[in-house]
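Below: the structure, in structure tokens.
When a ligand or atom number is given, it counts from 1 through the structure's own listing order. Being a predicted model, the structure only gives us computed values, none of them experimental.
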Amino acid sequence: MLDERSGRLSNTVKDAGHFDAVIIGAGFSGLYQLLRLRDHLGLRTVVLEMADGVGGTWHWNRYPGARCDSESHSYCYYFDDALLRDWEWTERYPGHEEIRRYLNHVADRYRLRPDIRLNTRVSGARYDDGRRHWVLDTEGGERLTSRFLITAVGCLSAANIPDVPGLGRFAGRWYHTGQWPHEGVDFRGRRVAMIGTGSTGIQCAPEIAETAAHLTVFQRTANYSLPANNGPLSEAFRQYLREHSDEVREVMRSTTNGHPFRICDRSAFDVTPQEREAIYEEAWRKGGLQFRASFRDLMSDQAANDTAAEFIKAKIRRLVADPLKAAILSDIDHPFAAKRPPIDTNYFETFNRSNVSLVDLRTNPIEAIVPQGIQTREAMHEADILVFATGFDALTGPLLRIGIEGRNGLTLADAWRAGPRNHLGLQVPGFPNLFTITGPGSPSVLCNMPVAIEQHVDWITACIDHMRRNGLATVESTDAAADAWTAQVQSVAEGTLLPKARHSWYLGANIPGKPRVFMPYAGGLARYRGICEQVVERGYEGFVFGP
Ligand code: N01
């Protein structure tokens with residue numbers, strides 16, 4: 001654009017103001033970051049959000065059955081006791097509508113809306129080294145400048161639509177679960193083909209099967225799933241929460257995964273096989289991710305993990321009546337929870353319905369999408385509707401698609417060509433005053449997200465406050481700190497069973513051409529929090545400030 005040279009805006013670019021901080025995204029992260037910077041530090045702050053409402057991930061994920069796998073009383077902010085007291089969740093796991101209602105309530109309660117610009121997609125962000133500020137362009141032709149740029153874009157917001165030949169010729173309609181139409185999809189009387197059996201597909205399939213004429217599930221990798229055992233929250237439990245919110249907060253802040261329960265401090269081999277079976281049986285009956293917390297060594301010791309894996313595989317074989325389907329569903333090739341374990345409501349039981357079939361893509365891969373459905377090597381599967389429950393270009397995808405350019409024209413895509421490299425998952429060398437909330441290199445997706453988000457937002461806010469008090473204009477990670485942290489992220493992951501799922505999105509393996517690097521920090525939220533605090537105590541070790 002002409003203005004690059006003249007330093008002035010061209011006629012087509014509208015000056016949309018200068019800010020202390022621009023935040024991209026109005027989900028859990030963006031809303032809380034706005035509140036902290038605007039109301040606690042008094043900074044001129046704006047949130048840019050591409051959607052027409054607040055909610056982030058939950059604005060888009062409206063597919064049938066979309067529900068969080070963190071328990072509702074833990075999937076919320078804990079920074080304000082009054083907010084905690086006033087909001088009451090209805091079910092053990094919150095559905096997508098209820099989470100959106102909650103986030104809209106937060107936006108209203110703290111008068112955040114005047115500082116959120118909806119329908120505003122950032123098309124590029126460039127650091128101007130001379131002026132020491134970020135220059136952001138929007139798709140609508142606006143330009144904003146800001147001293148700080150904070151990405152609050154979520155980890156799972158860039159949809160992965162596989163490049164299957166022939167999709168453009170499909171005669172019916174197709175949808176990705178992460179871009180679900182707000183008006184819903186009517187499956188009545190339709191033949192539906194659903195690709196993908198991650199958390200999303202596992203939530204979606206039972207709901208689609210209820211109304212569709214026929215559902216065909218295309219499974220590439222068999223997956224573990226635990227019963228959610230969802231249901232309404234009792235008044236007694238609500239009362240317990242009212243009286244124990246400090247305790248719940250403390251447990252979430254001090255545990256590995258930020259959930260409101262502790263991992264049992266016993267090995268799977270401290271008990272007899274009969275006792276172990278009874279422990280798993282009880283955890284299965286209770287439902288939810290707490291199953292993974294039954295023993296301390298499930299994520300570090302293959303033999304311990306095998307005991308849980310075998311228990312779940314045996315359950316699948318018992319739940320699914322057709323032995324062929326049961327064999328395909330239980331033929332799982334990776335350790336339990338090495339991919340994020342879904343929790344479900346009647347997923348395996350759905351395969352006992354006469355209107356549900358299963359295709360094993362390992363032995364019978366998709367050859368093409370044709371006008372009337374999906375052609376696999378062995379058969380033609382006719383369909384009126386295709387559902388892609390095929391996940392996301394996780395963690396790096398949402399950041400790279402913004403088009404971020406740091407100092408000396410270095411793009412984030414170039415800086416991360418070999419995989420994400422940053423310090424504490426917070427800052428990238430060459431990108432001054434850019435902070436990423438729950439980006440790669442932080443515990444993020446291995447945790448209950450709101451707990452990880454509050455920790456990141458509080459750290460970023462304290463860092464900016466430190467700069468303000470000390471008259472510092474810029475902050476940036478050093479190369480040495482980013483190298484050391486990136487190496488630590490890898491070595492911590494290697495100490496667990498997580499990288500053994502070679503096809504996991506934690507490793508970027510679901511996106512062709514993406515570097516295979518374990519992206520989240522696997523050391524746990526409590527340890528990570530301690531490291532972040534120590535860095536501050538040591539005078540922001542690994543960060544350099546400019547006047
Ligand atoms: O995505 P996924 P998701 N051909 O990547 C398959 C969170 N989440 O949307 O395993 C055929 O896990 C792919 O196969 P494979 C949660 O963190 C949370 O289900 O790569 N199949 C896999 O089966 C979760 O982990 C909630 O071999 C293809 C599936 O599609 C994350 O989102 C609810 C394919 C994708 O599974 C992502 O879950 C839902 C291809 N070309 C989701 N490409 C909560 O409750 C991919 N697949 C908070």
Side-chain angles (χ1 to χ4, degrees), residues 27-28 56-58 60-72 74-75 92-96 98-99 154-165 167 176-180 193-205 207 217-226 228 230 257 259 288-289 329 331-334 337-345 347 358-362 364-369 374 376 386-395 397-398 438 444-450 452 498 501-512 514 519-520:
F28 266 99
T57 293
W58 298 103
W60 303 101
N61 279 274
R62 300 177 187 227
Y63 59 86
R67 188 175 287 287
C68 187
D69 54 10
S70 293
E71 297 190 42
S72 54
S74 68
Y75 198 73
R92 180 175 177 191
Y93 299 96
H96 63 100
E98 192 166 20
I99 301 172
C155 304
L156 298 158
S157 49
N160 168 36
I161 299 165
D163 188 15
V164 187
L167 180 57
H176 186 280
T177 48
Q179 298 172 340
W180 204 254
M194 188 192 81
I195 304 175
T197 54
S199 301
T200 301
I202 282 174
Q203 286 184 334
C204 225
E207 299 278 334
V217 175
F218 292 79
Q219 173 191 284
R220 187 165 68 180
T221 306
N223 212 344
Y224 301 95
S225 183
L226 303 164
N230 189 33
N257 303 105
H259 285 294
L289 293 173
L329 290 164
D331 184 19
I332 310 175
D333 65 357
H334 52 279
K339 293 174 106 167
R340 177 145 162 173
I343 62 173
D344 71 89
T345 302
Y347 175 63
L358 175 65
V359 176
D360 179 6
L361 296 179
R362 286 279 162 91
N364 181 18
I366 294 174
E367 291 192 331
I369 294 174
I374 296 184
T376 61
L386 302 186
V387 174
F388 287 96
T390 43
F392 303 91
D393 181 354
L395 288 146
T438 63
S444 59
V445 290
L446 299 177
C447 294
N448 177 25
M449 289 301 287
L498 289 163
R502 299 303 301 164
H503 33 58
S504 150
W505 57 258
Y506 294 155
L507 279 161
N510 60 332
I511 304 296
K514 188 166 172 170
M519 293 183 286

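The residue Phe218 has no part lying near ligand 1, judged by heavy-atom distances below 4.0 Å. At a heavy-atom cutoff of 4.0 Å, ligand 1 is contacted by no atom of Tyr75, backbone or side chain. Of all the heavy atoms of Leu156, the ones lying under 4.0 Å from any atom of ligand 1 belong exclusively to the side chain. At a heavy-atom cutoff of 4.0 Å, ligand 1 is contacted by no atom of Ile202, backbone or side chain. When non-hydrogen atoms are compared, ligand 1 lies under 4.0 Å from neither the backbone nor the side chain of Ala509. Using a 4.0 Å cut-off between heavy atoms, Ser199 contacts ligand 1 through both its backbone and its side chain.
Across all their heavy atoms, Phe28 and Ile99 have their closest contact at CE1-CG2, 4.0 Å.
Put simply, no part of Val445 is less than 4.0 Å from ligand 1, judged by heavy atoms.
The closest protein non-hydrogen atom to atom 23 (O) of ligand 1 is Thr197 N, 2.9 Å. Distance from atom 19 (O) of ligand 1 to its nearest protein heavy atom, with residue and atom name: Thr200 N, 2.8 Å. Ile195 CG2, 3.5 Å is the protein heavy atom nearest to atom 11 (C) of ligand 1. When only non-hydrogen protein atoms are considered, atom 29 (C) of ligand 1 lies nearest to Ala389 O, 3.3 Å. Gly198 CA, 3.5 Å is the protein heavy atom nearest to atom 36 (O) of ligand 1. Nearest non-hydrogen protein atom to atom 6 (C) of ligand 1 is Gly196 CA, 3.7 Å. At the shortest separation from atom 48 (C) of ligand 1 among protein heavy atoms lies Asp69 OD1, 3.5 Å. Scanning all protein heavy atoms for the shortest distance to atom 41 (N) of ligand 1 gives Pro162 CB, 3.3 Å.
Ionic pairing of Asp69 and Arg340 is present here: one or more N-O contacts between side-chain nitrogen and carboxylate oxygen are shorter than 4.0 angstrom.
The nearest non-hydrogen atom to atom 33 (C) of ligand 1, considering only Tyr93, Trp505, Tyr63, comes from Tyr63. Residue nearest to atom 1 (O) of ligand 1, selected from Ala66, Gly391, Gly65: Gly391 (by heavy-atom distance). In this comparison of Lys339, His176, Arg340, the heavy atom closest to atom 18 (C) of ligand 1 sits on Arg340. The closest heavy-atom contact to atom 43 (N) of ligand 1, among the options His96, Arg220, Arg67, comes from Arg220.
A centroid separation of 6.0 Å or more is found between the aromatic rings of His96 and Tyr63.
Side-chain contact between Ile195 and Pro162 is absent, with no heavy-atom pair separated by less than 4.5 Å.
Close approach of ligand 1 to Cys68 (heavy-atom distance below 4.0 Å) involves ligand atoms 44 (C), 45 (O), 48 (C). Ligand-side atoms of ligand 1 in range of Leu361: 11 (C), range being under 4.0 angstrom from any heavy atom. Annotation for ligand 1: atoms under 4.0 Å from non-hydrogen atoms of Phe392 are 9 (O). Taking every non-hydrogen atom of Thr221 and a distance limit under 4.0 Å, the qualifying atoms of ligand 1 come out as 10 (O), 15 (P), 27 (O).
Not counting sequence neighbours, the partners of Ser70 by the side-chain contact (heavy atoms from CB on, under 4.5 Å) test are Cys68, Ser74, Tyr75, His259, Asn448. For Thr345, the side-chain contact (heavy atoms from CB on, under 4.5 Å) test picks out Ala228, with sequence neighbours left out.
Side-chain N/O atoms of Thr197 and Arg220 include no donor and acceptor closer than 3.5 Å.
The shortest N or O to N or O distance between Thr177 and ligand 1 is not below 3.5 Å. The shortest N/O to N/O separation between Trp58 and ligand 1 does not fall below 3.5 Å.
Between the side chain of Tyr506 and the main chain of Ala394, no donor-acceptor pair closer than 3.5 Å is present.
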